[in-house]
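Remember, it's a predicted structure, so these values are computed and weren't measured experimentally. Sequence lines set the chain letters: A, B, ... in the order given, protein chains first and strands last, and positions in each chain run from 1.
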Amino acid sequence: MNQETTVQHHSAAVLQMKGVSKIIKGKAIVDKLSFEIRKGEIVGLLGPNGAGKTTTIRMMTGLIKMSEGDVIVNGYSMREHFNSAIAHIGAIIENPEFYPYMTGLENLRQYQRMTDQLEPGRIDEVVRLVGLQDAMNKKVKAYSLGMRQRLGIAQALLHRPKLLILDEPTNGLDPAGIREMREYMRTIAEVEGISILISSHMLAEIEQICHRAVVIQNGRLITVSELGTARRTDEHVILTLRVDSVEAAVVVAEQQEGVELMEAEPEIRQIRVKMMDSRVPDFVKALGARGVGLYRISEDKQSLEEEFLKWTGGNQIA
Amino acid sequence: MRNFNRLIVNEWLKMSRKKSFLIPFLIVLVLPLLVGYVSHTFSTQTPEPGGAFMKDSLLPSGIGQIVTILAVIGTAGMVAKEYSLGTIKFLLIRARSRTVILGSKYMTALLYGFTLTLVTLISGFTAEMIWFADGIQSLDVQMILMSLLYGLVYTAVYVTFGFMMGILTTSTGATIGITMFVIMLDKIMIFRDFYKYMLFPNMNLSVYQDGGAPLPGMTLSFSSIVLSVYTLLFLLISFTVFRRRDVA
Ligand SMILES: Nc1ncnc2c1ncn2[C@@H]1O[C@H](COP(=O)(O)OP(=O)(O)OP(=O)(O)O)[C@@H](O)[C@H]1O
Ligand SMILES: [Mg+2]
């Protein structure tokens with residue numbers, strides 16, 4: 001999680017989901033979902049297949065009606081002031097589909113004509129941002145999926161939205177394409193200074209780029225997890241140490257104040273200890289003072305993957 | 001208003017950027033000339049010189065019906081294609097209400113039908129002048145304008161019907177099929193009183209020109225009212241369904 005930009009915790013929400021539900025034939029596909037996306041934040045909407053991610057995004061963008069609740073975008077209610085609310089959103093929902101018989105440029109012009117202000121240089125700007133300059137005069141039917149994704153992003157950014165919503169943006173892309181996409185998202189968040197919501201069923205993807213993950217399953221909110229934040233020093237950490245002498249290390253761990261020995265495995269010359277983050281330097285110093293040779297020190301992070309499986313109860317598909 | 005015009009430009013481009021766009025225009029350009037040439041050269045009964053040929057090329061009983069069919073085919077996909085291509089998603093997530101978006105599509109559909117009619121008019125006029133008329137003064141301008149109006153009404157009502165079908169079925173093929181079927185049906189006359197309230201016997205307003213009526217009790221104003229009511233009904237259904245429908 002090498003996220004340079006820090007989250008501003010108290011900045012205003014760009015989007016608020018307020019108890020949003022979608023009920024089809026008596027079944028709640030999305031069930032009283034509430035969360036918010038703050039300014040400049042990259043949020044992952046995470047859930048297994050069929051969790052209701054696409055349905056949620058369709059409601060956020062007004063493609064389908066909410067059965068209850070409301071979405072507030074930049075202060076505007078999606079229900080009451082659709083035009084003002086949607087004006088702050090750019091989105092790709094499932095696959096990016098364009099008019100195949102038109103060129104990339106003609107397609108973008110379509111959407112430019114639907115904005116309130118025509119900015120003459122804006123198309124060039126977004127096209128450069130996604131690196132599609134050379135393909136602009138090609139018909140979209142000749143585009144690869146990766147190119148259509150990029151054109152989709154250009155389309156979504158055209159009207160300078162405050163929030164970009166991407167539904168499974170890496171779906172169907174090859175590893176190089178996925179990496180490229182990740183880079184675009186970082187660039188966009190920086191250059192355009194906007195918030196991004198990315199839906200995905202892949203944890204790794206969310207973990208790598210998002211500040212927070214909103215986890216849903218069966219249409220319900222399971223948890224919201226902070227990802228990219230700097231670790232607070234009053235938190236406990238669990239460390240695994242590889243040492244030359246386990247016995248000596250155990251002695252140090254037992255004597256050192258505030259350090260809890262969790263496990264000692266002499267066969268593989270490892271110990272596991274738990275302590276406050278702020279106490280780690282002193283402990284390392286103490287090991288050195290006793291002449292314990294230290295080969296490796298690594299943090300036992302409970303990865304998002306484990307948490308995710310815990311939250312969603314394995315990989316069952318709803 | 002500027003915003004609305006830009007939406008119409010969009011819709012027109014979506015039609016005109018297709019390779020097949022010019023074909024219907026070529027058909028309505030060539031057909032009156034071809035028919036005019038053939039009937040002038042090979043037929044013993046040539047139309048009267050006062051503009052009867054032009055009139056026939058505009059009315060639903062003549063070439064006018066082909067204009068209507070082409071207009072329906074050309075506009076059937078305006079809504080349906082957005083669904084089948086999936087472009088409906090990008091179209092509807094703009095700061096434009098669904099009513100305005102559909103309104104611009106409907107206006108463009110009418111514009112398309114009118115443009116086809118205009119080309120037919122020009123081509124019919126050319127044929128008239130080459131083979132039938134005794135100079136431009138001999139033309140019965142009022143009759144020609146009335147025929148133009150009746151032709152436009154016939155086209156507009158069917159384009160509206162097709163427009164509604166496109167929204168209801170979201171399939172271009174089904175829209176064309178159903179609308180063609182209905183256009184074929186409108187020749188059938190059922191001699192019962194209720195039938196005058198149906199759409200079909202009222203479609204061709206030119207039947208009143210020589211004082212006749214398809215069914216007893218029918219007049220030009222009666223038919224005009226019936227057509228207006230049906231057209232409004234089609235539009236009401238179209239807009240209501242399009243505004244409410246979930247786009248999945
Ligand atoms: N129109 C509909 N009618 C009935 N059920 C629906 C409808 N749309 C979606 N569903 C159901 O709602 C659930 C959530 O669907 P949704 O597409 O939102 O999931 P998702 O999280 O996007 O899944 P995926 O990761 O597969 O894209 C699924 O079980 C789906 O079958
Ligand atoms: Mg989905």
Part of A:Pro96 within contact of chain B (heavy atom distance under 4.5 Å):
both

Measuring from atom CD1 of B:Ile93 to atom CG of A:Leu63, what distance do you get when rounded to the nearest 0.5 angstrom?
6.5 Å

Donor-acceptor contact below 3.5 Å, side chain A:Arg58 vs main chain B:Val247
yes

Measuring from B:Lys18:NZ to A:Tyr101:OH, what's the distance to the nearest 0.5 Å?
4.0 Å

So what's closer than 4.5 Å to chain A heavy atoms on B:Arg245: side chain, backbone, both or neither?
backbone

Approximate separation, where rounding is to 0.5 Å, of A:Thr61 OG1 and B:Phe90 CZ:
10.5 Å

Would you tell me whether B:Lys14 and A:Tyr99 have side-chain atoms, one donor and one acceptor, within less than 3.5 Å of each other?
yes

B:Phe4, CZ atom: more than 12 neighbouring heavy atoms under 6.0 Å
yes

To the nearest 0.5 angstrom, please state how far the NZ atom of B:Lys89 sits from the CD1 atom of A:Ile92.
9.5 Å

When rounded to the nearest 0.5 angstrom, what is the spacing between CD1 in A:Ile93 and CD1 in B:Ile88?
11.5 Å

Side-chain ion pair, A:Asp116 and B:Arg96, N-O less than 4.0 Å:
yes

Within the supplied structure, the quantity of interest is the number of heavy atoms (other residues, nucleotides, ligands) at a distance under 6.0 Å from A:Arg220 CZ; does it exceed 12?
no

Name, in order of residue number, those residues of residues 20-28 of chain A that have a heavy atom at a distance of less than 4.5 Å from a heavy atom in chain B; otherwise write 'none'.
A:Lys22

Taking CZ in B:Phe25 as the centre, count heavy atoms belonging to other residues, nucleotides or ligands within less than 6.0 Å. Is the count above 12?
yes

Correct closest heavy-atom pair for A:Asn83 and B:Ser97 would be OD1-N, 3.5 Å

A:Met114 portion near chain B, given a 4.5 angstrom heavy-atom threshold:
both

Around atom CZ of B:Phe194, are there more than 12 heavy atoms of other residues, nucleotides or ligands at under 6.0 Å?
yes

Under 3.5 Å donor-acceptor, B:Asp246 side chain and A:Lys65 backbone
yes

The interface call for A:His159 against chain B, heavy-atom contacts under 4.5 Å, is side chain

Highest number of heavy-atom pairs under 4.5 Å with chain B among A:Asn107, A:Thr54, A:Asn95, A:Ile86 belongs to A:Ile86

Can you say whether B:Ile101 sits under 4.5 Å from chain A via the side chain, the backbone, both, or neither, judging by heavy atoms?
side chain

When you measure from the side chain of B:Arg6 to the backbone N and O of A:Arg113, does any donor-acceptor pair fall under 3.5 Å?
yes

How about B:Arg243: does its CZ atom have over 12 heavy atoms from other parts shown lying under 6.0 Å from it?
no

Pick one: which of B:Leu7, B:Leu13, B:Val9 meets side-chain contact (heavy atoms from CB on, under 4.5 Å) with A:Gln110?
B:Leu13

